[in-house]
Every structure is written in structure tokens, then in C-alpha cells.
Amino acid sequence: MRIARYTTGEDPAYGIVQGDPGSEVITPLAGDPLYIGFKPSGDGPVMLEDARLLAPVIPRSKVVAIGKNYADHAKEMGGEAPKEPMMFFKPNTSVVGPFDPVVLPPGSDEISYEGELAVVIKTITKGVKAENAAECIYGYTIANDVTARDWQRSDGQWARAKGFDTSCPLGPWVETELEPSDLSIRTTLDGEVKQNGTTADMIHGIAKIIEYASAAFTLLPGDVILTGTPAGVGLVEAGQQVTVEIEGIGALTNTFVRR
Ligand code: MG
């Protein structure tokens, strides 16, 4: 199922998205299905085109992200891939939704897109072994791990470079039924293909990442894991549009602006 968070001008709501591209319909749900299950609200269906999609999940405590999880991307960044998953956090205040503007932060001149598969956590997850990791997953969405490369180089820590407001677009919805091991992942900049990979090339798979992360800290329902980006990262300027497409989920588009 595709679970969207959306608004038609009223308070945000959740709904199930069904139908063919261009004529999708949202069936409204009674509340957040992550916490209360899939209960229809009883309200009538909403045409997707009449709704504004919001970030499909607001991470309850954190976005966990994996650096250099594709060998060809590690290479383009000038190094080897780390032996164990290399982790950092993005704050939940960095999350925005489909078509929301990504605001280039004042003081940085090198902003890069990174298209990534995102995992949404379903349960309180601590000390979970890889073989049980699937039980902790609510679904999958698309992320853009927007990064200020100049701050990444200058700061040592990546909190500012990868944590500034609007640096974590998520969407367009959460797909709850997906086999994520071999999905094409493609990023375009103003329509030009820049990244064209497959999740099959991840070095550390999702189950291992959940084991590794949850050995160190508790993952909460609604927390999100970004699984790394394939090769082809590059800079984006104000006025440009980035779309990340993942097979079986859809497409996430954001325009970059300077204010
Ligand atoms: Mg990344």
C-alpha cells in the first residue's frame, strides 16, 4: 500500500493512494496508521491532484543516514567504502515534503543532491538481529540527502552540512509492500539524468544496517534510515529542480531556492 500524508487546506491527514498515474485517488484514514493501523476515516475519497502531499512521515526522533554505502560513490568522493556502516544523523527539523522548496543555506556555495532509498521504522527497535529486521520496517520512501559539501569538508562533523533546514526531502508516500533488494534509483537535475544506480549495489544491506544501528541506539516508530547514494552526485543551484525516482515507489521532486 502507498500511504501518503496530505492536506487539502485543512489539518494534515493520512490516506491510502490507489490508481494509475495521473488518476490516483486517496482514501482518507482515521489517524496516523503507524500508530493506530489502517482505519478508514469514513470521509469520501480525495483526488490526488486536489491534495498537496506532505512529508509522508515526520521522524519521531531522528533520521539515521549511511555514508558511502555504494562503492562507486565512495570512489567518486575520493576514498574507499568504510568496512562497517558509517552513520550520521539528520535532525527531524530537516525534513520537508514533495515539491517543498529546498532552501540553500546562507554561507554555503556547494550544495549537492544525493538520491537515496529511505526505510521507515515501525516498532521500537533495539538490539535487533539482521534476520529479524524486516519485522521492524513499516515501509519505504524516497529521500534526497541534501549536503553542503563545503561545510562537510570544513566542519569535521557533518551536523551543519547535512542537518540544515530543508536538507531532507522525503516522499511522495510510504510504500508498505516492497522488496527493496534490487530497485533502480535515478536522480535527474532539471531533467538530465545524473545518478542511475540500483539498490542491489548497496554495500551494507538494510537488515545489517538495522542490526548495526539498533545495537548502538533505539530506533523509534517513524524514525527513518537513509541507505546511501549511488555515484553521480553533483552540485545544484538556486532555481534548479531535482527528482529522485525509485522503482516501485515513485518520484520525489523538489526545487532549490535561495532566500
Ligand atoms: Mg547520503
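Both counts, for ligands and for their atoms, begin at 1 and track the order of listing. Just so you know, these numbers come straight off a predicted model, no measurement behind them.
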Connected via hydrophobic side-chain network under 4.5 Å: V174 and L54: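 Shared cluster, no.
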Determine whether the side chains of Y113 and N144 contain a donor N or O and an acceptor N or O closer than 3.5 Å.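 Distance-only check fails for Y113 and N144.
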Ignoring hydrogens and angles, state whether a donor on the side chain of E175 or T141 is under 3.5 Å from an acceptor on the partner side chain.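 There is no such pair (donor and acceptor under 3.5 Å, judged by atom type) between the side chains of E175 and T141.
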I'd like to know if K68 pairs up with E76 as an ion pair, taking the criterion as any Lys NZ or Arg NE/NH1/NH2 lying under 4.0 Å from an Asp or Glu carboxylate oxygen.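 Salt bridge absent between K68 and E76.
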Hey, can you tell me if W151 and F164 have their rings parallel, tilted or perpendicular (30° and 60° cut-offs)?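 The arrangement is perpendicular - the two ring planes meet at more than 60°.
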Under-2.8 Å neighbours of the Mg ion (ligand 1), protein N/O/S atoms only: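 Atoms of protein N, O or S type lying less than 2.8 Å from the Mg ion (ligand 1) total 3.
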May I have all residue pairs that pass salt bridge (Lys or Arg N to Asp or Glu O under 4.0 Å) and include part of residues 134-161, sequence neighbours excluded?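 Listed by first then second residue: K90-D145, E110-R153, E114-R149, D145-K162, D155-R160.
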